[in-house]
Amino acid sequence: MAGARPRTLPAALVPVAVGAAVAAGQDSAVSSAGAWGRTGLALLVALALQVGVNFANDYSDGRRGTDGAGRVGPRRLVGSGLVAPQRVKLAAVGAFAAAAAAGTALAALAGWRLLIVGALCLLAGWGYTGGPKPYGYLGFGEVFVFVFFGLVATAGTSYVMLERLDAFAVLCGVPVGLWAVALLITNNLRDIEGDAAAGKITLAVRLGDRRSRWLYLGVIEASYCVALLASIGGRAAAAAVLGAPLAAAAVRRVLRGACGAELIGVLATTARMQLVSGLAMAAGIALTA
């Protein structure tokens with residue numbers, strides 16, 4: 001359970017909820033049990049991918065020596081020696097296999113082109129910290145999170161229900177992706193010194209402490225601005241602002257210089273903000289369909 005990192009699962013739940021809400025009411029077929037069954041499969045894919053990425057990161061970072069004894073955050077399985085590396089790798093492969101199985105079933109129902117998207121998700125999940133040139137070590141982790149846990153997961157969920165790409169779903173995927181990016185920025189800001197020493201050049205390491213804090217603020221502000229923009233057409237995506245008090249609390253602590261262990265609390269608040277904002281956004285969209 002520690003290796004699966006349950007606190008990160010809102011990053012998988014929120015885009016599926018928002019994508020399903022976008023699809024709701026747009027087509028009479030969406031009301032069928034089959035369409036909602038597809039949503040259940042999409043949620044299983046998203047959750048399994050998130051868990052797989054968590055185990056893969058634990059394995060790869062541990063083998064590279066990134067999660068050493070000086071780590072500030074929660075202990076990692078491989079880096080702390082709690083679990084043998086091959087067992088953690090097997091857990092990652094198992095989670096990815098579960099995602100692939102659910103994704104294949106989903107493709108059989110909603111279109112085989114989804115297999116291409118699924119393959120890209122798996123490759124991106126492993127390549128984040130794994131492989132010879134992990135892009136998470138080059139400062140591109142935020143791009144991965146925004147694309148796959150924002151745009152792809154949100155628009156993909158509406159696609160499997162509607163069987164067409166919906167522009168509104170893509171737009172709603174922007175704030176969803178930005179909330180996930182805020183979570184990663186907080187994590188990398190906490191680990192900035194250890195990552196730099198280990199040669200993991202995250203975006204936070206590239207930007208430095210001060211600019212990373214301002215980036216966090218900018219990402220949060222942009223997410224709510226886009227949610228407000230998405231409401232212009234009449235569907236209440238602006239309900240996402242219900243999570244703004246949590247966002248404000250997290251931003252204050254970040255801008256006041258929270259560091260090290262203090263950022264663990266900020267990380268938890270950011271995750272709650274992501275969950276509350278995302279589910280409120282989904283509810284607002286669904287109720288105004």
Side-chain angles (χ1 to χ4, degrees), residues 2 4-18 21 46 50 54 71-75 141-142 145-146 149-150 153-154 171-195 202-231 236-287:
R5 307 181 201 175
R7 289 183 179 181
T8 67
L9 296 185
L13 171 62
V14 166
V16 174
V18 173
Q50 178 68 66
N54 290 341
R71 177 179 171 80
V72 176
R75 289 194 301 173
E142 284 76 5
V145 165
F146 176 75
F149 285 97
T154 305
L171 178 61
C172 289
V174 174
V176 172
L178 289 174
W179 292 325
V181 168
L183 202 63
L184 184 58
I185 292 173
T186 310
N187 183 80
N188 290 343
L189 182 62
R190 181 197 65 200
D191 297 338
I192 194 167
E193 291 185 7
D195 285 344
T202 62
L203 183 60
V205 172
R206 289 185 180 277
L207 294 178
D209 184 273
R210 182 173 177 274
R211 285 187 290 182
S212 294
R213 294 176 188 276
W214 286 108
L215 177 63
Y216 179 83
L217 170 63
V219 164
I220 295 293
E221 289 181 336
S223 70
Y224 289 114
C225 287
V226 176
L228 292 172
L229 176 65
S231 298
V241 298
L242 288 177
L246 288 168
V251 166
R252 280 196 299 270
R253 294 179 69 183
V254 169
L255 295 185
R256 288 175 180 173
C259 60
E262 295 177 87
L263 285 169
I264 297 175
V266 176
L267 192 64
T269 302
T270 303
R272 288 194 293 271
M273 175 274 296
Q274 178 187 33
L275 184 61
V276 172
S277 296
L279 295 184
M281 183 180 183
I285 292 170
L287 293 173

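None of the values given here were measured: they were computed from a predicted structure. FYI, the numbering just counts along the sequence from 1. Computed from heavy atoms alone, side chains included, the values below leave out hydrogens, waters and symmetry copies.
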For residues [X] and [Y], report the shortest heavy-atom separation together with the two atoms involved.
X: Thr154; Y: Gly150; value: OG1-O, 2.7 Å
X: Ala46; Y: Ala12; value: O-CB, 3.5 Å
X: Cys172; Y: Val18; value: CB-CG1, 3.8 Å
X: Pro175; Y: Ser223; value: CB-O, 3.3 Å
X: Ala280; Y: Leu242; value: CB-CD1, 3.8 Å
X: Gly278; Y: Val14; value: CA-CG1, 3.6 Å

- Message: side chain to side chain contact (heavy atoms under 4.5 Å, CB included) for Val226 and Leu171? Distances and angles first, verdict last.
- Response: CA-CA 8 Å; Val226 176; Leu171 178 61; 3.9 Å; yes
Nearest 0.5 Å, what's the [atom1]-[atom2] distance between [X] and [Y]?
X: Thr202; Y: Ile192; atom1: OG1; atom2: CD1; result: 6.5 Å
X: Leu183; Y: Leu178; atom1: CG; atom2: CG; result: 12.5 Å
X: Phe149; Y: Gln274; atom1: CZ; atom2: CD; result: 10.0 Å
X: Ile185; Y: Leu263; atom1: CD1; atom2: CG; result: 12.0 Å
X: Ser277; Y: Ile220; atom1: OG; atom2: CD1; result: 8.0 Å
X: Leu203; Y: Leu184; atom1: CG; atom2: CG; result: 8.5 Å

Examine distances only and state if a side-chain atom of [X] and a backbone atom of [Y] form a donor-acceptor pair shorter than 3.5 Å.
X: Ser212; Y: Leu189; result: no
X: Ser231; Y: Ala237; result: yes
X: Arg5; Y: Asn54; result: yes

- Message: With heavy-atom distances below 4.5 Å as the criterion, would you say the side chains of Glu142 and Leu215 are in contact?
- Response: no
For residues 265-273, please give each side-chain donor-acceptor pair under 3.5 Å, one per line with the distance, not counting sequence neighbours.
{"residue": "Thr269", "atom": "OG1", "partner": "Gly265", "partner atom": "O", "Å": "3.1"}
{"residue": "Thr269", "atom": "OG1", "partner": "Arg272", "partner atom": "NH2", "Å": "3.3"}
{"residue": "Thr270", "atom": "OG1", "partner": "Tyr216", "partner atom": "OH", "Å": "2.7"}
{"residue": "Thr270", "atom": "OG1", "partner": "Val266", "partner atom": "O", "Å": "2.8"}

- With sequence neighbours left out, which residue pairs that include part of residues 207-228 fulfil the salt bridge (charged side-chain N to carboxylate O under 4.0 Å, His left out) condition? Asp209-Arg213
- Task: Kindly state each residue pair satisfying side chain to side chain donor-acceptor pair (under 3.5 Å) with at least one member in residues 237-256, sequence neighbours excluded.
- Result: none
